[in-house]
There are 2 protein chains.
Amino acid sequence: MSESGGQAQNPARVRAFEGVLARIEERIAADGLTVGDRLPGERQLAEQLGVSRSSVREALRVLESLGVVSSQVGRGPDAGAVLTSRPGSALTGLLRLHLGLATLSMREVVDTRLMIEQWSAEHAARSRTGLESMAQALAAMDAARSPEEFVEHDIAFHAAIAEASGNRLTSAIMQALRGAVQRFAIDAVVRLGDTGDLQADHRRIYGAIRDGDAATAMEAITVHLERAYPPSAGRLG
Amino acid sequence: MSESGGQAQNPARVRAFEGVLARIEERIAADGLTVGDRLPGERQLAEQLGVSRSSVREALRVLESLGVVSSQVGRGPDAGAVLTSRPGSALTGLLRLHLGLATLSMREVVDTRLMIEQWSAEHAARSRTGLESMAQALAAMDAARSPEEFVEHDIAFHAAIAEASGNRLTSAIMQALRGAVQRFAIDAVVRLGDTGDLQADHRRIYGAIRDGDAATAMEAITVHLERAYPPSAGRLG
DNA sequence: ATGGATGTATGGTCTGACCATATTTGGTCT
DNA sequence: AGACCAAATATGGTCAGACCATACATCCAT
């Protein structure tokens with residue numbers, strides 16, 4: 001550390017913050033860090049890695065955008081950069097941006113969602129778990145008095161199916177897809193005018209999962225999503 | 001804008017770089033910016049948005065990590081922050097980190113990949129496109145003289161199927177999943193000792209897609225992936 | 001014990017500087 | 001006029017040092 005001048009100003013083939021990213025990843029693997037653990041403070045990290053605090057911050061911003069850390073100001077056990085796990089929110093941001101850039105069309109997102117929901121329903125039927133959450137959401141939808149309220153619990157119902165599949169990755173992807181198309185959900189409910197058909201779908205899906213009938217569960221969720229987002233229905237992308 | 005002092009040092013409910021992010025997103029939507037367009041320089045952006053260059057840079061790092069922009073140094077038409085579209089690489093990084101954090105298990109990734117490949121094969125069979133790329137990869141695998149070489153073209157084969165599905169989102173997700181499990185692919189080839197069975201699978205998949213037989217394509221790819229990544233096969237996660 | 005004032009570590013932001021890179025520009029030589 | 005080389009310039013990359021806002025930790029007086 002007895003550099004005379006200071007800033008290393010090297011070729012910088014890899015940018016400083018990329019090095020920081022790599023080092024932090026190594027550290028997570030080597031030290032077996034996991035969700036809830038804290039990273040050293042920005043200043044300390046900068047010193048340890050021999051870079052400026054700005055570079056450390058850029059790396060932390062990347063980790064944050066990827067849903068891996070979360071920064072808290074102040075002091076105490078919860079302050080600083082804490083390892084978290086929010087793959088869903090990261091995916092949501094990613095989708096929103098790429099939709100904005102027209103890299104992806106809404107149709108592609110909706111189709112992908114159909115794929116995930118079919119898969120989730122099938123696996124949920126096999127595991128037959130999470131039935132309680134589904135039933136609760138079902139009842140809440142019955143009691144809903146506005147499209148907004150209905151959609152809120154509708155989201156919970158579908159989330160319960162995804163969770164019941166037992167796969168956190170597909171569940172996270174579905175969360176993200178859901179977030180990306182959410183603004184269309186209320187429109188869909190309003191367009192249909194009545195939620196009776198949707199609720200009938202929901203009950204059919206629920207019943208099939210409860211009975212362990214994977215084929216029916218898949219078919220029912222397909223019908224349901226095509227009702228809400230008709231393949232040819234207007235302006236989705 | 002006749003602020004006396006300088007740095008606004010406000011409550012900062014939303015951090016400065018988040019504001020920049022929002023403004024850039026607005027700008028993309030409003031100006032209809034698309035892939036290939038350039039963003040203003042960091043210094044100019046900072047002045048326009050009334051924040052420091054550091055904050056602009058943090059926002060750009062986020063956009064870069066999400067695969068939306070790409071920065072080039074130097075001068076000229078290609079220099080600066082250019083809008084790009086690399087949802088795949090963004091997803092790859094996201095998965096790698098979450099796998100490292102044990103947020104996700106390898107089994108979940110492999111299962112998700114199976115879902116995507118099934119779906120892709122089915123849709124590829126319906127569209128019957130991309131056959132040329134598949135055939136090329138097939139021939140290249142025949143000629144491969146090492147596991148590494150074989151896997152390289154195997155990746156190309158599966159990527160061709162994903163592309164043929166016509167859905168850029170599922171294709172991007174599969175790319176990412178592929179990258180996450182890639183290190184196991186060579187192991188799998190070595191373990192099997194012979195690539196004959198794998199190639200037979202490939203030809204069966206190719207034939208089904210060529211003939212537009214969606215059901216067989218799905219079934220064939222399921223068999224294929226279970227051969228390479230047996231559900232009960234050792235240490236995947 | 002309790003409660004408030006003070007200390008302090010942490011992230012958030014800004015300023016201004018310099019480096020590395022690559023194009024643009026302009027001048028010089030042939 | 002054309003080709004070639006040098007200087008100017010614009011851009012991202014990095015650093016150093018400062019100050020603010022926040023929230024817990026500590027200490028002291030009651």
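Labels below follow one simple rule: chain letters A, B, ... track the order of the sequence lines, proteins then strands, and each chain is numbered from 1.
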Report summary line: For residues 78-89 of chain B, the salt bridge (charged side-chain N to carboxylate O under 4.0 Å, His left out) pairs (sequence neighbours left out) are none
Query raised in the report: Looking at A:V56 and A:V20, what are the two nearest heavy atoms and their distance?
Result: CA-CG1, 4.3 Å
Query raised in the report: Looking at B:R61 and B:E58, does any basic side-chain N land under 4.0 Å from a carboxylate oxygen?
Result: no
Report task. Give, ordered by number, those residues of residues 42-60 of chain B having at least one heavy-atom distance below 4.0 Å to an atom of DNA chain D; if nothing qualifies, reply none. Result -> B:E42, B:R43, B:R53, B:R57
Query - Which residues share a side-chain hydrogen bond (donor to acceptor under 3.5 Å, both in side chains) with B:R27, sequence neighbours left out - result: B:Q48
Requested in this report: Name the nucleic acid region contacted by B:G74, choosing base, sugar-phosphate or nothing; use a 4.0 angstrom heavy-atom cut-off, strictly under.
Outcome: base
Report task. Whole angstrom is fine here: how far is it from CG in B:D78 over to P in C:dA22? Result -> 12 Å
Query raised in the report: Can you tell me how far CD1 of B:I186 sits from CD of B:E149, rounded to the nearest 0.5 angstrom?
Result: 11.5 Å
Query raised in the report: When you check the side-chain N and O atoms of A:S65 and B:S65, is any donor under 3.5 Å from an acceptor?
Result: yes
Requested in this report: Specify the separation, in whole Å, of atom CD of A:E18 and atom P of D:dG13.
Outcome: 9 Å
**Report entry** Upstream residue (5' side of DNA chain D) when B:A81 and A:V73 are each assigned their closest nucleotide
**Finding:** B:A81
Query raised in the report: Between the axis at one end of the helix from C:dA1-D:dT30 to C:dT30-D:dA1 and the axis at the other (five pairs apiece), what's the angle to 10 degrees?
Result: 20°
Under-3.5 Å N/O pairs linking protein and nucleotides 5-8 of chain C:
| unit_1 | atom_1 | unit_2 | atom_2 | d |
| --- | --- | --- | --- | --- |
| C:dG7 | N2 | A:R75 | NH1 | 3.2 |
| C:dT8 | O4' | A:R75 | NH1 | 3.1 |
| C:dT8 | O2 | A:R75 | NH1 | 3.1 |

**Report entry** Sub-6.0 Å ring centroid separation between A:H158 and A:H202
**Finding:** yes
Query raised in the report: Which atom pair, heavy atoms only, marks the closest approach of A:L177 to A:L95?
Result: CD2-CD1, 3.6 Å
Query raised in the report: Cut-off 3.5 Å, side chains only: do A:S85 and B:T103 have a donor facing an acceptor?
Result: yes
Query raised in the report: Just how far, in rounded Å, is C1' of D:dC24 from CD of A:Q72?
Result: 13 Å
Report task. Answer yes when A:E47 and A:R53 have at least one side-chain N-carboxylate O distance shorter than 4.0 Å, and no when they do not. Result -> no
Query raised in the report: Can you tell which of D:dT14, C:dT13, D:dA25 lies closest to the side chain of B:F17?
Result: C:dT13
**Report entry** Sequence neighbours excluded - salt bridge (charged side-chain N to carboxylate O under 4.0 Å, His left out) pairs with any residue from residues 153-174 of chain A
**Finding:** A:D154-A:R178, A:R168-B:E108
